[in-house]
Amino acid sequence: MSVTDQDRQNEQQRVEQVISEIKNRIDDLKEHVNVVSEDIIGIRKHFWDDVTVNFEDAIEAVETYASIKQQAEVLSERERIHRHAQNQLRTLQRLLQSPYFGRIDFQEELESKPEAIYLGIASLLDKNDEEFLVYDWRAPISSLYYDYSPGPAEYNTPGGSVNGEITCKRQYIIRDGKLLHLFDTGVTIGDELLQEVLGKQADSQMKSIVATIQRDQNRIIRNERSRLVIVSGAAGSGKTSAALQRIAYLLYRYRKTLTAEQIVLFSPNSLFNSYVSTVLPELGEENMQQTTFQEYAEHRLGDDFQLENPLEQMEYVLTASDQSGYEARLEGIRFKSSSLFLQAMDEYANSLKQAGIMFLPVTFRDQTLISAAHIHELFYSLDTNLPIPNRMVLVAKSLLTELKKMEQRERSKPWVEDEMELLDRDSYVAAYQSLRRKKQFREDTFDDFEREQELLATWIVKKQFQPLRDFIRELQFIDTRAIYRQLFLSPDLLGTLAPSTLQHDVLDKWPAVCEQTAERLEQQYLACEDIPPYLYLQERLEGKQTNNLVRHVFLDEAQDYSAFQFALIKSLFPRAKMTVLGDWNQAIYAHAYHQNSFDAVTSLFEHEETETFVLTKSYRSTYPIVLFTRQLLRNGKMIEPFMRDGRLPTLTKVTSPQAHTDQIEARIRELTDRGHQTIAVITKTLEEAQIVHDALQERLPIRLIKPATLSFEKGILIIPSYLAKGVEFDAVILYDASATCYGEESERKLFYTACTRAMHELHLYYSDEKSPFIDNVSPEYYELFV
């Protein structure tokens with residue numbers, strides 16, 4: 001169906017009418033906001049003028065409380081109205097720029113004519129609040145736009161399925177109130193719209209482009225049935241975008257029962273959090289909670305250990321191959337992250353029911369009040385059929401009873417009298433007020449010297465014993481570090497407990513792995529690969545820590561998660577549905593190199609609760625870049641490029657370090673002249689990034705991205721390969737594509753990941769020999785400069 005000049009004229013006229021209505025709404029809303037603001041200021045200013053305060057007797061006090069409460073409720077209601085109006089105003093301001101992006105004409109069964117449905121980022125009613133001028137893209141009827149071509153169609157509503165026919169499907173590009181383009185399309189979102197959107201320059205933050213949602217992405221976004229949604233997608237296939245738009249959809253669909261605080265996104269690092277932080281606010285929603293697994297681990301273990309983070313581990317793997325013990329450490333990383341080690345840890349935890357748990361004594365003033373041996377005897381005297389955490393609770397109760405008796409005996413010790421003598425006036429008053437609140441004496445008895453001494457002694461000892469009570473209540477008497485270390489002090493222990501878990505390739509290096517681990521634990525250092533199993537063991541001993549408020553958990557870059565991490569997150573949020581996104585071709589961490597499935601997480605859910613989506617089309621990069629990068633993989637033919645033209649990738653040989661630096665500088669200047677706003681020089685490691693930064697910082701305005709960097713900005717960036725994951729740039733310069741840099745098979749996915757960050761241009765440099773991964777690429781898919 002062609003678009004006529006009359007169609008364009010009619011559509012432009014409608015755009016102007018809708019924008020006029022939006023402007024009127026904005027004016028009315030601003031006036032309303034001003035009135036409410038004045039009300040709030042007036043109530044705050046005269047709050048106490050309108051409140052009767054009288055505390056002479058109980059009745060008057062109740063009336064005073066009721067008066068204050070009523071006035072506070074009035075103020076709270078006005079503030080709520082003000083917040084709501086401000087949110088509406090922000091939504092209308094966004095609609096003013098581009099009120100809608102799509103239209104479908106849908107004729108329901110038994111209806112005489114179709115209805116034109118216009119889709120935008122938010123709903124807009126006419127001035128009488130009767131007809132929709134724009135439907136929110138998340139409304140049930142809007143799914144027709146993403147799922148169907150003209151012809152028979154249906155959509156689901158809370159009241160059931162609605163059937164009918166789409167007679168027209170149209171797309172718009174509207175900027176600043178002007179209709180720039182419109183075109184009719186078929187089943188998928190038309191190439192014209194995608195070309196326009198994807199051809200833009202990259203930004204320092206990810207954008208939410210709901211106009212370009214594809215049918216397979218829409219199924220992910222609107223999935224409400226499954227407890228586990230797995231999205232396996234190629235680089236640039238829109239996994240993260242679909243996840244964030246899924247969050248926006250859920251907040252809209254369940255807006256009466258679900259809030260942003262009940263959704264948690266686990267992302268790869270803090271830098272990535274900054275990159276995606278603007279997506280939901282663009283759609284008029286509050287941001288969900290964002291965290292990383294490392295932040296969770298720091299919260300749990302940071303007081304007891306120095307924790308290695310994943311990026312430090314990655315830097316070690318990439319740079320320390322010539323160090324002693326490297327191969328053993330590498331094998332330890334792989335094994336400790338596997339389902340086999342999870343099984344072994346379960347066996348170990350089960351064995352601890354009978355023997356092997358170690359405890360810490362309860363000490364006070366350098367004296368042992370309750371010995372570790374006594375706690376051990378107490379624990380193992382309990383019924384072994386009871387779960388360990390239940391027995392620990394019973395032990396804690398017994399210890400608190402013993403502590404209470406010791407506390408009574410302690411009051412007569414000389415140190416108490418010494419403490420009493422040292423009480424200053426403020427401490428004395430604090431003790432007096434504390435005892436008075438607890439009604440431990442009549443006001444006229446505190447002048448009795450003996451009674452006063454007795455009460456003060458009680459107060460002093462109770463205060464001094466409070467940390468001991470906390471120590472017991474929080475089960476800190478369990479020596480988890482020693483229990484975990486015990487597993488590695490004897491290399492034969494694991495093989496005895498779970499002989500099937502130590503495979504032949506692990507068996508050879510297991511003694512060295514044990515020695516390394518035990519030594520680190522002795523120094524209170526927890527390696528990255530030890531953090532999840534340590535937390536897992538801690539939960540088996542102390543009981544699960546749970547958050548029942550969270551309803552949805554999203555895991556991005558989930559190919560980097562171990563079996564332990566999946567199990568921990570599942571137990572931490574027992575009532576939550578989980579959305580897992582990943583790409584095994586980007587599994588760059590050592591522990592995930594040999595894995596290629598999400599079995600570790602699917603095993604935690606029932607089969608019928610799980611739905612898997614596979615996204616094979618890559619939209620980020622141009623057609624030539626995708627043709628190049630997919631050949632870097634052994635199974636790359638499955639990746640489908642989107643037909644967006646661009647320059648061929650280039651491969652340039654450099655003859656010396658000075659020539660290398662000069663050519664990188666020249667390339668950056670060339671890319672800047674072509675209008676590219678985000679240019680990334682991607683190095684393999686942070687160490688290499690620092691060298692490149694030092695060489696170029698006097699020549700160009702560049703910024704070095706480190707693990708501690710908290711936000712992206714437009715410009716020229718020097719960034720290690722593993723930090724670039726999940727982000728996109730207008731142009732990418734791969735600093736060193738030599739065989740000496742990317743030559744091991746284990747580095748293939750890292751090389752692929754770095755190259756797939758490029759949206760519009762990709763340039764690779766090498767010295768001596770190029771990476772063997774490039775040998776798999778047909779020469780016609782890149783330009784070679786020697």
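Quantities reported herein were computed from a predicted structural model and do not represent experimental measurements. Note that the numbering runs from 1 along the sequence shown for the chain.
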So, [X] side chain and [Y] main chain: donor-acceptor pair closer than 3.5 Å or not?
| X | Y | value |
| --- | --- | --- |
| Arg674 | Leu671 | no |
| Thr629 | Cys755 | no |
| Arg757 | Val727 | yes |

Any chance the side chains of [X] and [Y] put a donor and an acceptor closer than 3.5 Å?
| X | Y | result |
| --- | --- | --- |
| His676 | Glu761 | yes |
| Tyr782 | Gln631 | no |
| Thr278 | Glu282 | no |
| Glu108 | Asn163 | no |
| Arg14 | Asn10 | no |
| Arg575 | His552 | no |
| Arg215 | Asn218 | no |
| His760 | Thr622 | no |
| Glu285 | Tyr252 | no |
| Gln13 | Glu11 | no |
| Glu783 | Thr650 | no |
| Thr4 | Asp7 | yes |
| Ser267 | Asp556 | no |
| Thr579 | Arg246 | yes |

What pair of heavy atoms forms the shortest contact from Leu125 to Arg25, and how long is it?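 Minimum heavy-atom separation between Leu125 and Arg25: O-NH2, 2.5 Å.
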
Closest approach of Ala260 to Leu251 (non-hydrogen atoms, all atoms of both residues):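 The pair with the smallest heavy-atom distance is N-CD2, 3.6 Å.
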
Between atom CG of Asp126 and atom CD of Gln17, what is the distance when rounded to the nearest 0.5 Å?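 Interatomic distance, Asp126 CG to Gln17 CD, rounded to 0.5 Å: 12.0 Å.
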
Quick check for you: to the nearest 0.5 Å, what is the distance between Arg138 atom CZ and Leu283 atom CG?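 Reported value, rounded in 0.5 Å steps: 6.0 Å.
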
I'd like to know whether [atom1] of [X] has more than 12 heavy-atom contacts from other residues, nucleotides or ligands below 6.0 angstrom.
| X | atom1 | answer |
| --- | --- | --- |
| Glu131 | CD | no |
| Arg551 | CZ | yes |
| Glu261 | CD | no |

